Undergrad: 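This is the structure, below, for whatever I ask next.
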Amino acid sequence: MPFNKDSLKIDAARVTDEICEAIRRQIRKDFRKAGAVVGISGGIDSSVVSALCARALGPDRVLGVMMPESESSGESEKLALELARTFGYETIKENLTSALAGAGCYNRRNEAIKSVFPEFDDSWSCKITIPTNILEKDTYNFFTLIIEKNGEIKSRRMPPAAYLQVVAASNYKQRLRMTTLYYHAEKKNWAVAGTGNKDEHEQGFFVKYGDGGADIKPIAHLFKIQVYQLAEFLGVPQSIIKRQPTTDTYSAEVTQEEFFFGLDFYKMDMLWHAMETNVPPAEAARVLGLSEEQVVRGYTNIRRKIDATEYLRMHPLMINE
């Protein structure tokens with residue numbers, strides 16, 4: 001079919017059946033387990049994965065684990081519980097604040113922020129953003145640190161050392177969540193179901209041995225806009241479907257578009273699909289209402305992220321490899 005605005009529309013019923021069959025096969029035959037443990041945050045991806053697992057295995061074979069910490073959005077737990085009620089599976093709550101503080105997550109991150117803003121303390125909230133106008137000019141992504149307090153906002157481009165330390169410290173959160181999920185999975189002799197979609201998995205928007213750590217990855221082949229189509233078909237609550245996707249990592253709210261992708265999901269996914277299927281930039285531009293130069297910039301940005309994060313998807317190398 002020629003490239004068009006509906007090129008990423010899926011037959012949600014058929015895709016659901018295919019994924020559920022794969023979940024049953026992988027968990028029962030490949031892993032020889034009986035159920036699935038899913039980290040639930042009130043986000044669209046974890047909601048779809050937990051709904052698929054409940055459909056594939058039965059809700060009594062699914063455990064949803066909520067893992068808030070002191071900087072989590074208060075809305076996350078409320079939505080996660082609404083989701084669990086909708087699909088009928090059990091939930092458990094693990095507050096990770098003390099463990100993260102003990103590991104130095106907050107102190108190490110704050111130390112790096114203070115190297116940029118000496119006045120920073122716990123009365124400020126913080127986030128990292130990238131430019132969201134990547135189609136408008138040729139540029140590499142750079143990271144801006146933003147701190148906020150009582151309506152006052154300060155921003156500054158981050159030096160590489162500060163950026164690396166903030167990210168390294170913040171990644172404690174995803175890695176502790178992974179170990180918490182495996183505790184509950186091993187306790188029940190179940191498998192951990194990962195919640196990353198194709199956008200996250202292929203462009204490297206995950207933490208190695210953190211949220212990238214799982215036994216199965218049911219939606220890692222689906223673009224984000226396709227995950228939303230499954231959510232509608234499965235009956236995920238509208239309060240979750242309409243929620244703006246966030247990282248839920250920093251104390252100031254930051255969307256996934258602001259923090260990593262730099263594009264809205266529809267444009268990004270369609271540009272990516274066009275690039276993968278060798279659609280000429282002029283044709284993609286016509287369909288998407290963009291200029292040919294914007295399409296080329298989109299292709300370049302996506303390819304750059306895929307190439308730069310290949311190390312995240314690599315398995316540990318043996319000495320003879």
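Just so it is clear, the model here is predicted, and its values are computed rather than measured.
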Undergrad: List in chain and number order the residues that pass side-chain hydrogen bond (donor to acceptor under 3.5 Å, both in side chains) with K267, two or more places apart in sequence or in another chain; answer none if no residue qualifies.
TA: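 For K267 the side-chain hydrogen bond (donor to acceptor under 3.5 Å, both in side chains) partners, ignoring immediate neighbours, are D264.
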Undergrad: Say you draw a straight line from CD1 of I128 to CE of M158; how long is it, rounded to the nearest 0.5 Å?
TA: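 Answer for the CD1-CE pair, I128 versus M158, is 4.5 Å.
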Undergrad: Do you reckon V279 sits in the same ILVMFWY cluster as L263, going by side-chain contacts under 4.5 Å, direct or chained?
TA: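 Same hydrophobic cluster.
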Undergrad: Hydrophobic cluster mates of Y183, side-chain heavy atoms under 4.5 angstrom, ILVMFWY only, any path?
TA: none
Undergrad: Which word best sums up how the rings of H273 and F223 line up, parallel for under 30°, tilted for 30 to 60°, or perpendicular for over 60°?
TA: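 Perpendicular, since the angle between the ring planes exceeds 60°.
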Undergrad: For residues T309 and R313, is any side-chain donor paired with an opposing acceptor at under 3.5 Å?
TA: yes
Undergrad: Is a donor on one side and an acceptor on the other found under 3.5 Å between the side chain of S155 and the backbone of I146?
TA: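 No; judged by distance alone, with no hydrogens or angles, the pair does not exist.
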Undergrad: Once you round to the nearest 0.5 Å, how far does CD1 of I241 lie from OG of S47?
TA: 8.5 Å
Undergrad: Is there a donor-acceptor contact under 3.5 Å from the side chain of Q26 to the main chain of P218?
TA: no
Undergrad: Listing request: all ring pair (Phe, Tyr, Trp, His ring centres under 6.0 Å) pairs with a residue in residues 68-113, at least two apart in sequence or in separate chains.
TA: none
Undergrad: Would you please name every residue forming a side-chain contact (heavy atoms from CB on, under 4.5 Å) with D211, sequence neighbours left out?
TA: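 Q174, F206, V207.
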Undergrad: Rounded to the nearest 0.5 Å, what separates atom NZ in K149 from atom OG in S125?
TA: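 Interatomic distance, K149 NZ to S125 OG, rounded to 0.5 Å: 10.5 Å.
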Undergrad: Would you please name every residue forming a side-chain hydrogen bond (donor to acceptor under 3.5 Å, both in side chains) with E111, sequence neighbours left out?
TA: Q165
Undergrad: When clusters are formed from ILVMFWY side-chain contacts under 4.5 Å, directly or step by step, what else is grouped with M1?
TA: none
Undergrad: What is the distance from atom CG of D30 to atom CZ of R24, rounded to the nearest 0.5 Å?
TA: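 Spacing of CG (D30) from CZ (R24) equals 13.5 Å.
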Undergrad: Verify, without hydrogens or angle tests, whether K198 (side chain) and D269 (backbone) share a donor-acceptor contact under 3.5 angstrom.
TA: no
Undergrad: For K154, enumerate each residue passing the side-chain hydrogen bond (donor to acceptor under 3.5 Å, both in side chains) test, keeping only those at least two apart in sequence or located in another chain.
TA: E119
Undergrad: Test: salt bridge (charged side-chain N to carboxylate O under 4.0 Å, His left out). Region: residues 167-184. Which pairs qualify, not counting sequence neighbours?
TA: E69-K173, E71-K173
Undergrad: Above 12 or not: heavy atoms from other molecules or residues under 6.0 Å from CG of D307?
TA: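 Enclosed.
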Undergrad: Only counting residues at least two apart or in another chain, list the ones meeting side-chain contact (heavy atoms from CB on, under 4.5 Å) with R243.
TA: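 With neighbours one apart ignored, the set is S73, E75, S76, L79.
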Undergrad: Mark yes or no for whether S70, through its side chain, and T97, through its backbone, hold a donor-acceptor pair below 3.5 Å.
TA: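 Side chain of S70 to backbone of T97, a donor-acceptor pair under 3.5 Å: no, none is there.
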Undergrad: Does a salt bridge link E18 with R14, judged by any charged N lying under 4.0 Å from a carboxylate O?
TA: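 So E18 pairs with R14 through a salt bridge.
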Undergrad: Mind checking side-chain contact (heavy atoms from CB on, under 4.5 Å) for D17 and listing every partner two or more places apart, or none if nothing turns up?
TA: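 None.
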Undergrad: Side chain of S170, backbone of V166: donor and acceptor closer than 3.5 Å?
TA: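 Checked: pair present.
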Undergrad: Who passes side-chain contact (heavy atoms from CB on, under 4.5 Å) against A282, sequence neighbours left out?
TA: E292
Undergrad: For the pair Q294 (side chain) and A285 (backbone), establish whether a donor and an acceptor sit closer than 3.5 Å, ignoring hydrogens and angles.
TA: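 It does not hold such a pair.
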Undergrad: Would you check if the side chain of N4 reaches a backbone N or O of P2 as a donor-acceptor pair within less than 3.5 Å?
TA: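 The answer is yes, because a donor-acceptor pair under 3.5 Å joins these two groups.
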Undergrad: So, does R61 use its side chain to make a donor-acceptor pair with the main chain of G35 at under 3.5 Å?
TA: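 Not at all, since once roles are kept as given, no pair shorter than 3.5 Å links the two residues.
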Undergrad: Could you tell me which residues satisfy side-chain hydrogen bond (donor to acceptor under 3.5 Å, both in side chains) with D215, sequence neighbours excluded, listed by chain and number?
TA: Y182
